[in-house]
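Encoded as structure tokens, the structure appears first; notes follow it.
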Protein chains: 2
Amino acid sequence: MSLKSQPDSPRSTRKGVTSVDVAAAAGVSQATVGRVFSSPEKVSPATRDKVQEAAERLGYVPNVIARSLKSRRTNIIGAVVPAFGEYWQSVLTEFSRQLANQDRQLLLFSFAEPGDVDGVLASVAQYRLDGLVLSSANIGQAQLAQMRESDRPVVAFNHPAAVGVVPSVSVDNEAGMAELAAHLIEVGCRDVLYIGGASTASTDQSRYRGASQTLGNQGIACTYLEAGAFTYEAGYKVARQIVEHQPLPDAVMVSADEVAFGVHDGLRAAGVDVPADLFLTGFDGLSQSAWAGFDLTTLVQATDVLVARAIEILLAPEQPADSDPVSVVVPGTIRYGKTTGSGHG
Amino acid sequence: MSLKSQPDSPRSTRKGVTSVDVAAAAGVSQATVGRVFSSPEKVSPATRDKVQEAAERLGYVPNVIARSLKSRRTNIIGAVVPAFGEYWQSVLTEFSRQLANQDRQLLLFSFAEPGDVDGVLASVAQYRLDGLVLSSANIGQAQLAQMRESDRPVVAFNHPAAVGVVPSVSVDNEAGMAELAAHLIEVGCRDVLYIGGASTASTDQSRYRGASQTLGNQGIACTYLEAGAFTYEAGYKVARQIVEHQPLPDAVMVSADEVAFGVHDGLRAAGVDVPADLFLTGFDGLSQSAWAGFDLTTLVQATDVLVARAIEILLAPEQPADSDPVSVVVPGTIRYGKTTGSGHG
DNA sequence: TGACAGAATGCTTACGTAAGCATATATTCG
DNA sequence: CGAATATATGCTTACGTAAGCATTCTGTCA
């Protein structure tokens with residue numbers, strides 16, 4: 001019942017408790033302590049208990065930094081992604097979730113301006129990561145090639161321009177948008193307007209190609225209009241131009257859900273009703289697309305599958321350096337919403 | 001003009017180029033190379049150039065792992081956050097952005113189930129991070145106290161229960177919700193229903209307190225109804241219960257925007273119009289709250305300020321261990337939307 | 001010109017762990 | 001019961017860098 005009753009309390013993460021301290025306390029060598037934590041089967045149950053008890057009492061926590069230096073593995077995967085955008089946020093969350101299941105962590109490298117990419121990549125190189133996820137169409141060919149030169153696993157995520165340069169995983173942008181176009185044709189659209197986010201983005205290009213080819217095969221033109229950014233605001237603004245485009249098209253296809261949300265609301269603000277006056281489709285399958293206020297017809301990316309494939313590639317045993325980089329394409333699935341006339345069910 | 005013309009190309013991140021290799025190539029000692037990269041002013045311009053040239057030629061990149069081991073600083077901040085939720089995604093993005101501006105990175109520890117927290121915290125301890133952000137109401141008092149014991153800077157983010165236990169930064173939940181309640185009173189509401197996300201969350205409690213006290217002072221009751229989760233779906237479902245609550249209240253206050261979106265859409269699906277039939281308020285100020293489809297009256301958190309304060313606390317020189325942990329409270333600002341009758345401007 | 005301050009650089013060690021090899025103890029079989 | 005085998009543990013070193021101290025070099029002034 002004394003006042004200060006915890007002389008060396010078993011709290012965790014004590015000052016600088018090392019495996020050497022634990023070894024001394026347990027009366028074994030540092031090597032044995034190390035073994036208890038990395039390959040326990042190599043040590044007898046008796047000593048194992050002894051060491052674990054001492055470790056717990058001292059509050060020993062293995063130092064991952066030192067371990068990484070020695071073992072040359074960090075158990076950390078880096079991700080280079082744009083700082084903004086609902087889509088990237090959802091992808092990141094999924095990566096973090098799945099990596100955590102494999103006792104790995106995600107180190108985030110985000111950038112706000114496309115020009116920052118170089119700086120970010122330089123900073124990335126300093127960390128000896130077990131793998132690197134490159135997203136964002138703002139990473140150029142040269143930069144990708146340079147990453148490929150590095151000796152650690154890299155995977156490009158939803159970055160069509162990276163195919164053939166580095167291993168990549170992507171939804172089937174072209175086929176997905178083609179399917180949406182086919183659906184529009186099926187429901188009777190003959191005059192379609194396409195809203196892109198930024199024409200420089202390789203995803204944007206693939207998606208537009210899918211739409212224009214499918215529509216073109218039926219003799220339907222598909223004008224491309226650029227919103228300027230992959231944001232709600234850009235979509236909202238561009239809606240005004242759509243309205244000026246008289247007569248109104250039968251349908252508007254948008255490169256990305258987030259932009260489509262803006263288009264949807266912008267059209268409504270301008271007195272154009274979806275789906276009564278025209279149909280609307282998106283792409284990505286963000287959770288908000290299913291919200292009752294939108295109920296948007298869109299192509300749902302199987303984010304969990306995409307992420308799982310990407311992680312597989314990163315963690316798989318190294319491939320022969322001169323073989324062509326793998327390229328995994330995952331099909332998406334259409335969600336039919338009321339923006340193309342489907343009853344929302 | 002030979003075919004293989006790049007015997008040792010200046011590509012970056014070559015195999016295992018170390019400062020020792022650079023030293024040999026430049027004809028200096030390893031220490032000098034180290035100085036060139038950490039305290040360049042201590043080395044003469046001539047050698048500096050020589051070393052930098054050699055480093056570039058060999059593709060030398062300093063090894064942060066080794067540096068961290070020696071210097072005991074990682075330049076990495078950890079964040080323990082729930083895997084889901086628009087709010088947390090936006091907070092994370094902001095942290096990553098601001099940290100990047102200070103040449104620091106964000107290591108993400110997300111968890112899907114509240115029960116995973118213990119495992120995550122154990123995993124966190126292994127990394128000798130420069131600081132740690134603890135979010136989520138799922139981190140209990142005991143766990144917070146334990147973190148406080150560790151010798152590295154910790155800050156609780158929007159976690160009222162943490163105040164006094166660890167340094168914390170938070171929006172003024174109580175005052176914010178009180179302001180919203182005052183606004184409702186002002187516009188004539190006399191019968192208010194409160195929708196919480198999860199009554200166990202300390203943010204939920206603070207916010208409800210703000211609402212019920214302010215309303216109670218005017219003799220207005222404020223029934224608490226629990227949605228069960230901080231999600232759109234939970235809000236959508238609970239809307240049905242609101243409708244059964246005849247006569248309809250004048251207004252519904254919701255603990256969080258994301259839930260409020262669901263309530264909004266759920267009410268509409270049930271034939272109840274906002275704001276014609278009842279008013280609706282949210283909390284957080286998510287970007288979607290400003291979307292035309294919602295135009296939700298809500299309390300906007302100054303996320304950038306909150307994050308900046310949190311980073312300041314983490315990076316500030318250590319405080320005396322026995323002093324009371326600081327607690328920064330940042331006021332929010334109301335955004336008046338059409339869900340409480342304000343013209344959307 | 002010799003001595004001395006100051007700058008520039010080199011040498012050595014330590015950060016905490018894991019892997020390789022050497023050694024000590026337990027187990028098995030002829 | 002002794003040798004061979006297996007099991008358990010200890011000893012030593014290396015991962016790549018930064019900091020402390022020792023050393024060399026440059027220039028300045030008496």
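Lettering of chains follows the sequences in order, A, B, ..., and the numbering in each one begins at 1. In this text, all values refer to a predicted model and were calculated from it rather than measured experimentally.
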> Going by heavy atoms closer than 4.0 Å, what residues in residues 31-38 of chain A are next to DNA chain D?
Replying inline: A:Ala31, A:Thr32, A:Arg35
>> Five pairs per end, C1' atoms only: what is the angle between the end axes of the helix from C:dT1-D:dA30 to C:dG30-D:dC1, to 10 degrees?
In response: 50°
> Do A:Gln105 and A:Ser96 have side-chain N/O donor and acceptor atoms under 3.5 Å apart?
Replying inline: no
> Quick one: do the A:Tyr87 and A:Asn158 side chains pair a donor with an acceptor below 3.5 Å?
Replying inline: yes
> So where does chain B start and stop touching DNA chain C, 5' to 3', when the test is distance under 4.0 Å to a non-hydrogen atom?
Replying inline: C:dA8 to C:dG16
>> Just by distance, no angles: are the side chains of A:Ser168 and A:His159 close enough, under 3.5 Å, to form a donor-acceptor pair?
In response: no
> A:Phe157 and A:Val81: side-chain contact (heavy atoms from CB on, under 4.5 Å), yes or no, with the steps?
Replying inline: CA-CA 10 Å; A:Phe157 193 88; A:Val81 291; over 6 Å; no
> Want to settle it: does A:Ser29 or B:Thr18 sit nearer the 5' end of DNA chain D, counting the closest nucleotide to each?
Replying inline: A:Ser29
> A:Ser39 near the nucleic acid: base, sugar-phosphate alone, or nothing, with a heavy-atom cut-off under 4.0 Å?
Replying inline: nothing
> Does anything in residues 64-77 of chain A reach DNA chain D, meaning a heavy atom under 4.0 Å, and if so which residues?
Replying inline: A:Leu69, A:Lys70, A:Arg72
>> What I want to check is whether the side chains of B:Ser29 and B:Thr32 have a donor and an acceptor closer together than 3.5 Å.
In response: yes
> Run the side-chain contact (heavy atoms from CB on, under 4.5 Å) check on B:Leu314 and B:Ile77 step by step: do they pass?
Replying inline: CA-CA 9 Å; B:Leu314 288 180; B:Ile77 301 289; 3.7 Å; yes
> For residues B:Ser90 and B:Thr93, is any side-chain donor paired with an opposing acceptor at under 3.5 Å?
Replying inline: no
> How far apart are the closest heavy atoms of B:Val22 and B:Val51, and which atoms are they?
Replying inline: CG1-O, 4.0 Å
>> Working note: A:Glu53 + A:Lys50, criterion salt bridge (Lys or Arg N to Asp or Glu O under 4.0 Å); need CA distance, chi angles, decisive distance, verdict.
In response: CA-CA 5 Å; A:Glu53 185 275 336; A:Lys50 213 168 45 179; over 6 Å; no
> Which atoms form the tightest heavy-atom contact between A:Ala125 and A:Arg128, and what is the distance?
Replying inline: O-NH1, 3.5 Å
> Can you list every salt bridge (Lys or Arg N to Asp or Glu O under 4.0 Å) pair that touches residues 87-99 of chain B, not counting sequence neighbours?
Replying inline: B:Glu94-B:Arg97
>> Testing B:Leu144, B:Val154, B:Asp324 one by one against B:Val165 for a side chain to side chain contact (heavy atoms under 4.5 Å, CB included), which residue passes?
In response: B:Leu144
> Taking only residues two or more places apart in sequence, or in another chain, which ones meet B:Thr203 in a side-chain hydrogen bond (donor to acceptor under 3.5 Å, both in side chains)?
Replying inline: none
